[in-house]
Amino acid sequence: MSYSQQVFDELSARYSYQPEFLQAVQEVLSTLQPALDKNPAYQKNKILERITEPERVIHFLVQWVDDKGEIQVNRGYRVQFNSAIGPYKGGLRFHPTVNEGVLKFLGFEQIFKNSLTGTPIGGGKGGSDFDPKGKSDNEIMRFCQAFMVQLFRYIGATVDVPAGDIGVGGREIGYLYGAYKRLTTSYEGVLTGKGLNFGGSLARTEATGYGTVYFAQEMLKDRGDSLEGKVCAVSGAGNVAIYCCEKLIQVGAKPVTVSDSRGTIYDPNGINVEILKQVKEVERASLTRYAELVPTAKYTPVAEYPEGKHLVWTIKCDAAFPCATQNELNLEDAKTLLANGCKCVAEGANMPSTIDAINAFLASGIAYGPAKAANAGGVATSQLEMEQNASMSAWTFDEVDGKLHNIMINIYKNAAETAKEFGVEGNLVLGANIAGFRKVADAMIAQGVL
Ligand code: NDP
């Protein structure tokens, strides 16, 4: 049995109750064997056993009082997965589905993604099963303060630097930052995604969505193609999806769908990003509101989706951008996309495609950009925010966006060249995994058994 299979089997037995974590590990380990064969030092140093176990998991009680005066109880976590190449870095997710296994999947992915950015940041992730939906501003503030009362002692500008993720945007980061400052009396770049007037970076809000489009452009350029004139299916209607749509329009493509947890919008004329921002960022409303404001848009609730499929992936498109959440695109969806002539899939969300959907994309030979490469622009720009905070400077939008663009070009090159080195040209899953892994594994060996 191969080394990678043996480690995976052991993990599967130990963590059978963490399916998302095992799925993320399986996706990575199933591609690493050629790199492990090439360098026996990885097995000798038990790198796989060490890199699949978080260095530390902090699990804490979050107690707060809602607007009715009732005490509410949530669970909070921070998974500090790997610090071989830099301080832990990764977002916080507030969503009822959050548990340790989900955060371990996200933290594990983050190790390789952060390595791929070429910047010195380790992997981490955190969050809570708190549901921000329907909560007042004051409730959000009190929850964020209660969360930080527990978290503040474990993070710091050179220790662990959280950012946003699902359910954590600029508003939540602002409240979390204020609470950290009050508890520590320290004004430091301990969180990224901050407001522009207190240390935030221009282009951080846009970075993940823009970066995913830059990555798709690179994949297509290598195939003598471009996004210009392409019809694009986008899922999600949050931070990543909104700015993915915005950049697609800027480069001459046409996003025709967006979705949230309740339904999908389809408009063959293209998504109106300004109205989408108004609905989602300002009003924090459902997409039914978008359909009210844009008469050409058709709204379909989840209950009316074709059985076993996501409506977004049934729409005929040239390129697909899953930007909502994990496992939102299954094998049936992948087959439908391919049958409809989709030539490019770039993942803005983390682990949006199931493993058999990924295999279908790889077998078809289309341009497939896996999440840890295609959505790395968000964390890369968070690192640029850390750089600006450390030097007490603020760069222009164009400077940050230019650096982001270069980082995405380099991530693509690195993944594509690594795939070529291992004889599987075009397989960016293997390329990204091995390129991300080697840097971290070599640093772990150099630093000894800690
Ligand atoms: P947001 O909270 O801003 O938006 C999430 C969107 O996805 C919403 O439209 C939400 O719908 C939808 N969604 C969430 N959960 C589900 C679900 N279970 N079923 C259907 N739809 C769902 O989050 P982001 O845009 O920040 O994150 C989206 C994805 O991108 C996540 O996978 C995240 O990990 C990943 N990502 C984010 C980065 C960032 O910088 N923000 C960086 C890299 C990756 P609704 O509003 O109805 O809940």
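As the structure lists them, so they are numbered: ligands from 1, and atoms in each ligand from 1.
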Side chain to side chain contact (heavy atoms under 4.5 Å, CB included) evaluation trace for T396 with D401
CA-CA 9 Å; T396 64; D401 188 35; over 6 Å; no
Is D160 reaching over with its side chain to a backbone N or O of G156, donor-acceptor style, under 3.5 angstrom?
no
If we only consider heavy atoms of [X], is any one of them less than 4.0 Å away from an atom in ligand 1?
X: G169; answer: no
X: R93; answer: yes
X: Q326; answer: no

Just which atoms of ligand 1 are under 4.0 Å from any heavy atom in [X]?
X: C323; answer: 28 (C), 29 (C)
X: G348; answer: 30 (O), 35 (C), 36 (N), 44 (C)
X: H95; answer: 15 (N)
X: D260; answer: 9 (O), 11 (O), 21 (N), 45 (P), 47 (O)
X: A349; answer: 29 (C), 30 (O), 32 (O), 35 (C)

Is the NZ or CZ atom of K298 positioned over Y266's six-membered ring, under 6.0 angstrom from the centre and within 45° of the axis?
no
Pick, from T208, V168, L106, T212, the option with the minimum heavy-atom distance to atom 42 (C) of ligand 1.
T208
Pick whichever of P96, S259, S261 has a heavy atom sitting closest to atom 21 (N) of ligand 1.
S261
Are Y175 and I140 close enough, and set up right, to give a side chain to side chain contact (heavy atoms under 4.5 Å, CB included), and what steps lead you there?
CA-CA 8 Å; Y175 292 144; I140 298 282; 3.9 Å; yes
Which residue owns the protein heavy atom closest to [atom], what's the atom, and how far is it?
atom: atom 18 (N) of ligand 1; answer: T325 CG2, 3.8 Å
atom: atom 28 (C) of ligand 1; answer: A324 O, 3.2 Å
atom: atom 34 (O) of ligand 1; answer: D165 OD1, 2.6 Å
atom: atom 32 (O) of ligand 1; answer: N350 N, 3.1 Å
atom: atom 6 (C) of ligand 1; answer: G238 N, 3.9 Å
atom: atom 27 (O) of ligand 1; answer: I166 CG1, 3.6 Å
atom: atom 3 (O) of ligand 1; answer: N239 N, 2.9 Å
atom: atom 2 (O) of ligand 1; answer: G167 N, 3.0 Å

Does the separation of the ring centres of [X] and [Y] fall below 6.0 angstrom?
X: F147; Y: W64; value: no
X: Y177; Y: F198; value: yes
X: F108; Y: F81; value: yes
X: F21; Y: F105; value: no

Hey, could you give me the CG/OG distance between L196 and S201, rounded to the nearest 0.5 Å?
8.0 Å
Got a salt bridge between [X] and [Y], using NZ or NE/NH1/NH2 to carboxylate O under 4.0 Å?
X: R142; Y: D66; answer: no
X: D67; Y: K135; answer: no
X: K372; Y: E27; answer: yes

Specify side chain, backbone, both or neither for K133, according to which of its non-hydrogen atoms lie closer than 4.0 Å to ligand 1.
side chain
Logged contact type for R204 with ligand 1, heavy-atom cut-off 4.0 Å, is side chain
Within the structure provided, determine whether K230 and K343 are in side-chain contact (heavy-atom separation under 4.5 Å).
no
Heteroatom proximity flag, V240 to ligand 1, N/O under 3.5 Å:
yes
Less than 3.5 Å between some nitrogen or oxygen of N375 and one of ligand 1, yes or no?
no
